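First up is the structure itself, then whatever we jot down about it.
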Amino acid sequence: MKAVPIERLRNLGIVAHGGAGKTSLAEAMLFDAGATDRLGKSVDGTTVMDFDPDEIRRQISLSAGIAPLEWKDHKVNLVDCPGFFDFVGEVKAALRVVDGAVVVVDSVSGVEVGTELVWRFADAHNLPRLLFINKMDRENANFDRVLSELEEAFGKAVVPVALPLGSEASFKGVVDLLAMKARLPGDAAGRQVKETEIPADLVDRAKGLRDRIIEAAAENDDELTMKFLEGESLTDEEIYRGLATGVRTGKIYPVLCGSATRNIGVQCLLDAVVNWMPSPIDVGDVTGKDAKTGKEITRQRKDSEPFSAFVFKTTADPFVGKITVFRVYSGVFKAEGNTLYNASKGRSERFGQLFTPRGKAQTNITEVHAGDIAAVTKLQETATGDTLSAESAPVIYGAIDFPRPVYTMAIVPKSKGDEDKIGTSLHRLMEEDPTFTVERNTSTNQTVISGMGDLHLDVIVERLKRKFGVDATLDRPKVAYRETIRGTAKKQGKHKKQSGGHGQYGDCWLELQPLPNGDYEFVDKIFGGVVPTQFRPAVDKGCREIMAEGILAGYPITGVKVILYDGSYHSVDSSEMAFKVAAHVGFKAAFMEAKPVLLEPIVQVEVTVPDQYMGDVIGDLNKKRGRILGMEPSGRYQVVKAMVPQSEMFTYALDLRSITQGRAAYSMQFAHYEEVPALEAQKIIAARPKRAEKED
C-alpha cells in the first residue's frame with residue numbers, strides 16, 4: 001500500500017450493538033476498495049476481520065480487527081470493534097486512538113442498548129460520527145422508523161444524506177441526496193455502481209431532505225450562513241465544505257443506509273468517510289506529559305516531530321509471540337534499529353518485525369509515519385496503554401480508562417499436571433486483555449478469574465486450551481468467610497499421654513478477647529516459670545494453626561487476642577509439640593464459649609442505571625441483603641450506591657443485564673467484613689467444608 005500524506009489519512013472505528021452487521025460492512029468496504037478479492041461472510045467464517053477460530057465458531061467479533069484500505073487516493077485504517085458487552089474493553093481501546101466512528105444500526109432492531117453505549121464512548125472522546133442503517137434488505141426493515149429513533153436518541157444533529165430505494169426483498173439501491181442521483185449495483189458483486197435518475201415518487205421527499213442538508217451545512221460556516229439567509233444557492237463544493245465542518249465539530253451526524261451483505265450503499269459510505277471524516281491533522285495536537293519532568297507537553301501530528309505512539313492492543317500468539325499494535329501520534333519510526341523505547345516503563349526493548357496488520361495477514365514495512373497504525377512482534381515488557389517514544393524526547397500519554405471486571409469464577413485445570421502451566425498461560429492472556437484479571441485467593445485456595453461477563457470467561461477458557469493446551473473448567477468461587485468472637489472466655493488446654501518411655505505433657509490456660517481492629521495478638525503473661533520460656537512460642541504457634549483452620553465452619557479466624565496466663569509442665573514429658581496440641585485444645589474450648597460468629601465480606605456497589613429501571617434495581621439489591629446508601633443523578637442516569645454481601649454478587653453482572661435490558665453498568669470493590677445474620681450463618685455452618693478433625 002502506497003504512503004499518503006497525513007491529510008489523506010483516516011482512522012475509523014466501526015461500532016455497533018452486537019448483530020448489527022458491522023463486520024460485514026467492514027468486509028464490503030475492503031472489497032469495494034480492492035483490498036480483498038472476494039466478499040467474505042461472517043456466517044461462512046471468511047471475513048478478514050473475524051479470523052480468530054473462536055470468532056469463526058461463534059460468528060461474532062471478540063476483539064478489534066484492523067485492516068487498511070485505499071479509496072480515492074486516501075488511506076483508511078478500519079478498526080472493527082466487538083458489539084457484545086463482554087468485550088467492551090476492546091471498544092474503549094479502539095475509540096481511544098481513532099479519529100472518527102461509523103455507528104452501524106440494524107434496520108429492524110433500530111437503536112439498541114449497544115448503540116447507546118458506543119455513542120457515550122464516542123462522546124467521551126469527542127469523536128465525529130457517521131450513522132449507517134444496515135440490513136435494509138431484511139424482512140421488517142424500516143428506514144423511517146429507525147431514523148426517527150436516531151433523531152429521538154441523539155438529537156437534531158442527525159441528518160439523513162441518503163434514502164433507500166425500496167426495502168426488504170425489494171431493496172435495490174440508495175438515493176444520494178447530495179448528488180440527487182439513485183445509485184444501484186452495476187454488477188452482481190456490487191463493486192460497480194451505476195447512477196440513474198431518482199424515481200418520481202421519491203423526488204419531492206429527496207428535495208425536502210436535501211434542503212435540510214443544505215441548511216445544516218450552512219449553519220457551520222459564517223460565510224455560508226449569510227449566503228443562505230440572503231436566499232442565495234450554495235454550490236455543491238460549499239455544501240460539502242459545510243458538511244465536513246459540521247461532522248468534524250460534532251454538529252452533524254450524517255445518516256446513510258444500505259445492505260453490507262449485498263454490497264449496496266457501501267461506496268456512498270466510503271465517499272462520506274474520505275470527504276467528511278477528519279484526518280489526524282484536523283484533530284489537532286496531542287497532549288501528554290514529559291516523562292522526565294512530569295510537565296504537560298503537546299506534540300503536533302507531524303513527521304517532523306519526535307516519534308511518539310500509543311499502544312492500544314496486545315495479542316498473545318503462541319507461534320509469533322506477543323504482537324503489539326500502536327497508533328503513531330507524531331514523528332516517524334523506522335525499523336532499522338530493531339529497538340523501541342517504552343516511555344511508560346523507562347526502558348528500551350528489542351522487537352521482531354514491523355508490519356501493517358490486515359486481519360490475520362501481515363505486510364512488513366520499513367517505517368511508519370505520524371497518524372498511522374502499525375504493529376511489532378516480541379516486545380516483552382510493553383503492554384496495552386503504554387507510550388512508545390523517542391528516548392531523547394520521552395512523552396507519556398494518558399492511559400485507557402478500562403472498566404473493572406464484574407464477573408468472577410474459579411478456574412480449575414482438568415489435569416493436575418497443568419496446575420503450574422495454567423498460571424503462566426492465564427497471565428499471558430491477561431497481558432492482551434486489561435479487562436481480564438487473575439488472582440490466587442489464599443483464603444479459599446482457589447484461582448479466580450474475573451471479566452466482563454460469562455461469555456468473556458468462556459472465551460478465555462477456550463483460548464487457554466487452543467493457544468496453550470490447558471484444559472480447564474469454571475466453578476462458582478468460594479466466599480472468603482471469617483470467624484471471630486464477640487465475647488471473652490478463659491479455658492484450660494491440656495494434653496497428656498503416656499505410652500511407655502517419654503510421654504507427652506502440656507498444660508496452658510488461655511484467655512480469648514475480641515480484637516476489633518486487628519487480626520491476631522498473642523500476649524505472654526506467665527509469671528514464675530509455670531510454663532518454661534522455650535515452650536511459650538509453641539503455644540503461640542498452636543493458636544495460629546487452629547485459627548488458620550477455623551472452628552465454627554472451617555473458615556480462618558480473625559480479630560482475636562490470646563493471653564497465656566497460666567499452665568504447668570513436666571520436666572521429662574513436656575515438649576514443644578505437647579504445648580502446641582494443648583494450645584489447640586484450649587483455644588478451641590475458649591473460642592466456643594466466647595460468643596463465636598461468622599463474618600462475611602461486604603462490597604461497595606455503584607450501579608449506574610436509567611431512571612425507568614431504578615426501582616427494579618433497588619428492589620433486587622434489597623433481595624440480595626443489600627443496604628442502600630443513597631442515589632445521585634448523573635446526566636440521564638442515576639447512580640445507586642449500596643453495601644451488599646459478596647456472596648450475593650457473583651452473578652450480578654448477568655442479573656443486572658436481565659433487569660435493565662443491558663442499559664445499566666456497575667462497579668464494586670471490597671469494603672469490609674460484617675457479621676452474618678443468624679439464619680444465614682446456620683446454613684453456612686451446616687454446609688461447612690469437610691476436613692479431617694485432629695485427635696486431641
Side-chain angles (χ1 to χ4, degrees), residues 404-427 429-430 436-454 456-458 460-461 464 470-485 518-520 543-560 587-588 591 596-605 624-625 643-654 668-677 680-694:
R404 291 180 179 179
V406 295
Y407 186 75
T408 299
M409 293 291 282
I411 187 166
V412 182
K414 289 184 178 180
S415 171
K416 288 186 177 180
D418 287 337
E419 288 176 351
D420 293 333
K421 190 177 179 182
I422 194 173
T424 304
S425 303
L426 285 171
H427 278 85
L429 291 174
M430 191 167 64
F436 169 65
T437 60
V438 182
E439 180 185 357
R440 180 65 183 176
N441 190 324
T442 55
S443 298
T444 61
N445 291 321
Q446 288 183 310
T447 298
V448 293
I449 60 175
S450 302
M452 302 309 297
D454 55 340
H456 189 188
L457 296 191
D458 285 346
I460 290 292
V461 172
L464 193 65
V470 179
D471 205 357
T473 58
L474 294 176
D475 196 7
R476 186 184 176 95
K478 298 175 185 175
V479 180
Y481 292 108
R482 295 286 187 269
E483 300 177 13
T484 192
I485 55 175
D519 180 25
Y520 169 70
C543 292
R544 291 178 183 272
E545 286 181 354
I546 196 68
M547 287 179 68
E549 293 179 3
I551 297 170
L552 194 63
Y555 294 100
I557 297 170
T558 187
V560 176
F587 187 101
K588 187 180 294 185
F591 182 86
V597 295
L598 272 180
L599 301 177
E600 63 182 341
I602 304 296
V603 291
Q604 182 174 333
V605 181
K624 297 181 186 299
R625 299 191 285 126
M643 291 289 185
V644 189
Q646 186 190 52
S647 60
E648 304 283 353
M649 294 297 293
F650 287 125
T651 61
Y652 191 61
L654 311 182
M668 71 176 183
Q669 58 184 358
F670 172 77
H672 56 270
Y673 273 89
E674 284 185 8
E675 185 174 334
V676 180
E680 293 294 325
Q682 290 174 12
K683 296 178 183 176
I684 296 167
I685 293 169
R688 62 182 294 176
K690 292 186 180 295
R691 59 184 178 88
E693 296 290 336
K694 293 186 177 180

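No experiment lies behind these values; they were computed from the predicted model shown.
Here OG1 of T408 is found 11.0 Å from CG of L474. Values are rounded to the nearest 0.5 Å. H427 NE2 to F436 CZ: the interatomic distance, rounded to the nearest 0.5 Å, is 9.0 Å. Atom CD of E680 and atom CD of E600 lie 7.5 Å apart (nearest 0.5 Å).
The two residues P413 and E419 come nearest to each other via the heavy atoms CG-CG, 3.8 Å. Scanning all heavy atoms of the two residues, the minimum distance from D471 to D418 falls at N-OD2, 4.2 Å. The minimum heavy-atom distance linking Q446 with A410 is given by the pair NE2-CB, 3.5 Å. Heavy atoms only, all atoms of each residue included: M452 and Y407 are closest at C-CB, 4.3 Å. Of all non-hydrogen atoms in L457 and G451, the two that sit nearest each other are CD2-N, 3.7 Å.
Contact check for M668 versus Y652: no side-chain heavy atoms found under the 4.5 Å cut-off. The side-chain heavy atoms of T651 and D454, taken from C-beta on, include no pair separated by under 4.5 Å. Between V597 and V676, the closest side-chain pair of non-hydrogen atoms is not below 4.5 Å. With contacts defined as side-chain heavy-atom distances shorter than 4.5 Å, the pair I422/T447 does not qualify. Taking the side chain as every heavy atom from C-beta outward, L426 and M430 never approach each other to under 4.5 Å. Counting heavy atoms from C-beta outward, F670 and Q646 have side chains that stay 4.5 Å or more apart. Side-chain contact between E675 and L598: absent, with no pair of heavy atoms (C-beta onward) separated by less than 4.5 Å. Annotation: side chain of V479 is in contact with side chain of P601 (closest heavy-atom distance under 4.5 Å).
Of the candidates L429, I411, L464, T437, I411 is the only one forming a side-chain contact (heavy atoms from CB on, under 4.5 Å) with I449.
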